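Taking it in order: structure first as structure tokens, then the write-up.
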Amino acid sequence: SYPEERNWLENRTILSGDLKRDDEHLGSMDDNSYHVVTGNGTDSTAVLDGFVITGGNADRKKWPDDGGGGMNNHNGSPTIINCLFEKNHCFADGGGMRNWGDAEPRIIQTVFRENRSEQEGGGMMNGPDSRTLVLNCRFIRNHSAEDGGGIYNNETKPHYIMNCLFLHNTAALTG
């Protein structure tokens, strides 16, 4: 079989931060891992392709475990293709994904759905000095209790967000 022939949405490989597998029954994420995936210190040859990333809970009020529930990229530039970031949460920045520092991730054909942040970037947060390429992605029903329901860019270099769909994202303050 060839990778381009697979159907990654029908044949899911799930990376979950729900360590006790009790989120659906109890509705509590208190015991979940802070980050499901980290791309810290990587370059574009680090590829995450065809995964569902769910159940991350970066709920600490202290760096680095306050953001990037689904994926945290600090000084990292991985390539993310054909992934689904779903139902991740954070206290500060990037419920689905946080890109910070000298981070230049490439995110292609990826869906960010139903991620939440108590501050910025329900779906994704791009912080100082990051530069992100977001191509053919969808941001659906993400929520931020402050700014940027779908994506929040803060003191960043230019980003390239092309051919993306933003649908039903909400923020309590702006964006």
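Since we're looking at a predicted model, the values are computed, not measured.
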Taking only residues two or more places apart in sequence, or in another chain, which ones meet Leu15 in a side-chain contact (heavy atoms from CB on, under 4.5 Å)?
-> Val36, Val37, Leu48, Phe51, Ile53
Sort out for me which residue in Leu165, Leu167, Thr110 forms a side-chain contact (heavy atoms from CB on, under 4.5 Å) with Arg138.
-> Leu165
Cluster partners of Tyr34, using ILVMFWY side-chain heavy atoms under 4.5 angstrom, listed by chain and number?
-> none
For the hydrophobic clusters of this structure (ILVMFWY residues joined by side-chain heavy atoms under 4.5 Å, transitively), does one cluster hold both Ile107 and Ile151?
-> yes
Asp31 and Leu19, any side-chain heavy atoms less than 4.5 Å apart | no
May I ask you to decide if Ser44's main-chain N or O and Thr79's side chain share a donor-acceptor pair within less than 3.5 Å?
-> yes
Taking a hydrophobic cluster as the set of Ile, Leu, Val, Met, Phe, Trp and Tyr residues connected by side-chain heavy atoms closer than 4.5 Å, whether directly or through intermediates, do Val134 and Ile80 fall within one such cluster?
-> yes
Mind listing the side-chain donor-acceptor pairs of residues 119-131 below 3.5 Å, one per line with the distance, residues two or more places apart or on another chain?
{"unit_1": "Asn126", "atom_1": "OD1", "unit_2": "Asn99", "atom_2": "ND2", "d": "2.8"}
{"unit_1": "Asn126", "atom_1": "OD1", "unit_2": "Thr132", "atom_2": "OG1", "d": "2.9"}
{"unit_1": "Asn126", "atom_1": "ND2", "unit_2": "Asn153", "atom_2": "OD1", "d": "2.8"}
{"unit_1": "Ser130", "atom_1": "OG", "unit_2": "Gly127", "atom_2": "N", "d": "3.4"}
{"unit_1": "Ser130", "atom_1": "OG", "unit_2": "Gly127", "atom_2": "O", "d": "2.7"}

With the threshold set at 4.0 Å, does a side-chain nitrogen-carboxylate oxygen contact exist between Arg60 and Asp66?
-> no
Please identify each residue that fulfils side-chain hydrogen bond (donor to acceptor under 3.5 Å, both in side chains) with Asn57, with sequence neighbours left out.
-> Asp59, His89
Shortest non-hydrogen contact from Glu118 to Ala145?
-> O-CB, 3.4 Å
Polar side-chain atom of Asn88 near backbone of Gly56 as donor-acceptor pair, under 3.5 Å = yes
By side-chain contact (heavy atoms from CB on, under 4.5 Å), Ala46 pairs with (sequence neighbours left out) Thr42, Pro78
Side-chain donor-acceptor pair under 3.5 Å between Asp18 and Ser16, yes or no?
-> no
Of the non-hydrogen atoms in Asn142 and Gly149, which two are nearest, and what is the gap between them?
-> CB-O, 3.2 Å
side-chain hydrogen bond (donor to acceptor under 3.5 Å, both in side chains) partners of His35, counting only residues at least two apart = Asp65
Residues two or more places apart in sequence or in another chain: which of them pass side-chain contact (heavy atoms from CB on, under 4.5 Å) with Asp102?
-> Asn75, Glu104, Lys157
By salt bridge (Lys or Arg N to Asp or Glu O under 4.0 Å), which residues pair with Glu86, not counting sequence neighbours?
-> Arg113
Residues forming a side-chain hydrogen bond (donor to acceptor under 3.5 Å, both in side chains) with Asn136, sequence neighbours excluded = Asn163
Pairwise ring-ring contact (aromatic ring centres under 6.0 Å, His included) hits with a residue in residues 107-155, at least two apart = Phe85-Phe112, Phe112-Phe139, Phe139-Phe166
Mind checking what makes side-chain hydrogen bond (donor to acceptor under 3.5 Å, both in side chains) contact with Arg116, not counting sequence neighbours?
-> none
Sorted by chain and number, sequence neighbours left out, salt bridge (Lys or Arg N to Asp or Glu O under 4.0 Å) with Asp147 holds for none
Take Trp63 and His74 through the side chain to side chain contact (heavy atoms under 4.5 Å, CB included) test and state the conclusion after the steps.
-> CA-CA 11 Å; Trp63 173 270; His74 182 246; 3.6 Å; yes
